[in-house]
Amino acid sequence: MNVHLTTLGCPKNQVDSELMLGMLTEAGFPLVARAEDAECLIVNTCAFIDRAREESVNTILELARLKETGRCRALIVTGCLTQRYGNEILKELPEVDGILGTSNLSRIVELVGQAANRHDWATSAPPGYLYDADTPRLLTAKVPYAYVKIAEGCDMGCTFCAIPQFRGRHRSRPLADIVREVEGLAARGIQEAILVSQDTLAYGRELPGNGDIGDLLLALGETRMPWIRPMYLHPAHVNDRLIAKWQRARIVPYLDLPVQHGDDGILKSMRRAVTAARMREVVRAFRDAIPGLTVRTTVLVGFPGESEAAFQRLLEFLDDVRFDRLGVFTYSPEEGTPSPAFSDQVPAEVAAERAASVQDLQDRIAWELTRELVGGVADVLVDGPSADSAFAFEGRTAGQAPEIDGVVYLKGPFEPGRFARARIVEVEGYELVGERA
Ligand code: SF4
């Protein structure tokens with residue numbers, strides 16, 4: 001039975017997809033590039049927020065049509081949506097033949113093997129699965145970077161976030177196992193390892209004798225992986241010891257520090273365990289310690305109780321810190337979290353207007369910061385052919401994480417999957433244009 005897999009959601013989900021494809025390939029199931037040609041369709045879903053759930057359900061329904069018009073004989077749904085709403089999906093979507101949560105990925109081989117029948121999956125399965133360096137993994141994207149999941153779950157309990165409910169408590173992979181995986185990826189030609197988890201700075205805490213995130217970064221610096229990029233760094237976990245290790249570690253000068261807000265009342269009600277003043281200090285300390293650092297953040301607007309004054313404090317905070325990159329999201333009430341019961345819910349139109357104001361402010365800051373790059377020379381990792389037909393290739397500087405930051409459009413001949421020196425000749429919105437230096 002041949003298989004096609006569709007991935008939705010975040011890089012952590014992409015890792016799960018690559019692991020499932022690796023296991024299926026090893027078990028002898030051929031993969032096909034087009035959903036129309038597949039006998040078994042797998043959708044690896046996301047359930048992070050309302051919009052993601054809607055996209056997941058729409059994709060399932062769309063692919064289910066191929067059971068009538070295409071070659072598809074079985075439709076399997078995996079990922080966060082099924083981890084969270086497994087029973088409902090089986091009940092309400094009869095098109096679905098089998099489901100699997102995020103808890104036991106290796107069962108995908110069994111499920112595809114039995115795909116013609118409908119199979120149960122226990123919603124009560126604890127979200128305990130964490131892969132290791134020996135799990136076969138098929139790198140699907142033709143890009144020189146790969147995501148590496150270093151831990152799973154989260155113990156932080158932010159009042160707007162449902163992730164701990166379906167990804168479970170924080171647990172880390174052993175340091176030596178991650179080092180082995182990153183070495184293996186480097187040997188396969190991968191040039192950049194992007195370390196992901198729900199709470200990256202909490203890495204190693206529950207593994208006595210394993211070392212912490214600083215130790216992991218120092219150890220990864222000894223591998224042959226050229227670029228190492230840790231993501232999702234909760235500001236509450238930063239201390240001087242960590243910054244000192246960060247400074248010594250061979251990682252890209254890039255800090256992904258989701259602040260979520262800049263008003264202390266809102267931060268407290270979000271249960272972020274950090275104040276705006278402390279986050280200012282943290283960014284300053286990292287900038288002092290690491291020359292040429294690019295700082296990215298994420299902001300959530302429209303959280304219950306966000307008054308106009310609180311929102312203005314957020315704008316002041318952002319104007320003051322001047323993040324190089326920023327993603328802004330509007331609050332959506334998540335089932336099973338405390339915040340939907342909070343008083344002073346903010347109307348959706350107000351939240352949307354506030355998101356637009358944050359974006360306007362950030363567009364100005366980003367433009368001021370990016371235009372300073374013109375005329376300079378930077379190391380660029382050439383990701384491959386450009387999505388913009390005006391350029392043959394595109395790549396990224398160390399200050400640009402894949403898929404969320406801009407790219408460098410490259411003029412002239414470059415070799416995909418390799419590093420090159422590029423002179424930045426132009427800025428186009430959030431993108432740069434470079435030519436061989
Ligand atoms: S730290 Fe991140 S994953 Fe954990 S509860 Fe907060 S927002 Fe959710």
Side-chain angles (χ1 to χ4, degrees), residues 10-12 15-16 19 80 83 101-106 124-137 146-158 161-186 193-225 228-252 255-258 271-274 278-279 282 285-286 289-290:
C10 66
K12 284 155 280 206
V15 175
D16 287 352
L19 294 168
C80 292
Q83 180 73 33
T102 53
S103 54
N104 191 357
L105 290 186
S106 58
S124 57
Y129 180 79
L130 255 179
Y131 70 106
D132 64 29
D134 293 324
T135 314
R137 178 169 174 188
Y147 295 97
V148 174
K149 225 196 271 188
I150 62 168
E152 182 65 278
C154 179
D155 295 340
M156 290 303 282
C158 301
C161 178
I163 284 178
Q165 284 174 49
F166 56 94
R167 287 283 180 171
R169 289 189 68 81
H170 176 85
R171 57 224 179 265
S172 309
R173 290 173 57 195
L175 187 147
D177 187 57
I178 300 171
V179 170
R180 206 150 60 82
E181 182 186 10
V182 169
E183 270 297 7
L185 289 169
I194 303 164
L195 311 182
V196 294
S197 76
Q198 264 80 42
D199 188 2
T200 298
L201 294 187
Y203 172 78
R205 287 181 163 194
E206 77 300 359
L207 297 180
N210 179 76
D212 60 15
I213 181 69
D215 298 323
L216 175 66
L217 296 176
L218 288 168
L220 291 175
E222 302 295 314
T223 65
R224 283 168 296 167
M225 183 61 71
I228 296 153
R229 188 189 300 276
M231 302 291 288
Y232 313 116
L233 315 170
H234 195 307
H237 300 315
V238 178
N239 55 37
D240 293 349
R241 209 160 31 95
L242 175 76
I243 296 178
K245 284 185 185 171
W246 211 271
Q247 209 173 3
R248 279 167 44 219
R250 188 182 60 76
I251 50 178
V252 290
L255 194 74
D256 173 35
L257 195 84
R271 220 190 281 145
R272 291 291 291 171
V274 69
R278 175 62 191 151
M279 292 193 293
V282 164
F286 268 111
I290 298 159

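The structure displayed is predicted, hence computed values, not measured ones.
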Qualifying residues under ring-ring contact (aromatic ring centres under 6.0 Å, His included), relative to His170, sequence neighbours excluded:
none
Residue pair Leu207 / Ser172: nearest heavy atoms and the distance that separates them:
CD1-O, 3.6 Å
Partner set under side chain to side chain donor-acceptor pair (under 3.5 Å) for Arg137, not counting sequence neighbours:
Glu18, Glu181
Salt bridge (Lys or Arg N to Asp or Glu O under 4.0 Å): pairs with one or both residues in residues 201-218, sequence neighbours excluded:
Asp212-Arg241, Asp212-Lys245, Asp215-Lys245
Would you call Asp256 and Tyr232 a side-chain contact if the rule is heavy atoms closer than 4.5 Å?
yes
When rounded to the nearest 0.5 Å, the distance separating CZ of Arg173 from OG of Ser197 is 11.5 Å
Might you point out which heavy atoms bring Cys80 and Thr102 nearest each other, and give the distance in Å?
N-CG2, 3.9 Å
Distance col, row Ile194:CD1 vs Leu185:CG, nearest 0.5 angstrom, shows 11.0 Å
Do Arg271 side-chain atoms and Gly157 backbone N/O form a donor-acceptor pair below 3.5 Å?
yes
Please determine whether the number of non-hydrogen atoms from other residues, nucleotides or ligands lying under 6.0 Å from atom CG of Asp134 exceeds 12.
yes
Going from OG1 on Thr223 to CD1 on Ile178, what distance comes out if it is rounded to the nearest 0.5 angstrom?
12.0 Å
What is the distance from atom CD of Glu222 to atom CZ of Arg250, rounded to the nearest 0.5 Å?
8.0 Å
Is any side-chain heavy atom of His234 less than 4.5 Å from a side-chain heavy atom of Arg272?
yes
Qualifying residues under side chain to side chain donor-acceptor pair (under 3.5 Å), relative to Asp155, sequence neighbours excluded:
none
What are the two closest non-hydrogen atoms of Gly221 and Ile228, and how far apart are they?
N-CD1, 4.1 Å
Could you check His237 against Leu242 for side chain to side chain contact (heavy atoms under 4.5 Å, CB included), going step by step and ending with a plain yes or no?
CA-CA 9 Å; His237 300 315; Leu242 175 76; 5.8 Å; no
Pair Leu220, Leu195 - check side chain to side chain contact (heavy atoms under 4.5 Å, CB included), show working.
CA-CA 11 Å; Leu220 291 175; Leu195 311 182; 3.6 Å; yes
Which residues pass the ring-ring contact (aromatic ring centres under 6.0 Å, His included) test with Phe286, not counting sequence neighbours?
Trp246
Output the distance between atom CD (Gln198) and atom SG (Cys158), rounded to the nearest 0.5 Å.
11.5 Å
Closest approach of Val196 to Pro11 (non-hydrogen atoms, all atoms of both residues)
CG1-CB, 4.4 Å
Starting at CG of Leu175, measure out to CG of Leu218 and round the result to the nearest 0.5 Å.
9.5 Å
Closest heavy-atom contact between Pro164 and Cys154?
CB-O, 3.5 Å
Go through the structure and list residues passing side chain to side chain donor-acceptor pair (under 3.5 Å) with Lys149, not counting sequence neighbours.
Asp16, Glu152
Show your reasoning for whether side chain to side chain contact (heavy atoms under 4.5 Å, CB included) applies to Val238 and Leu233.
CA-CA 8 Å; Val238 178; Leu233 315 170; 6.0 Å; no
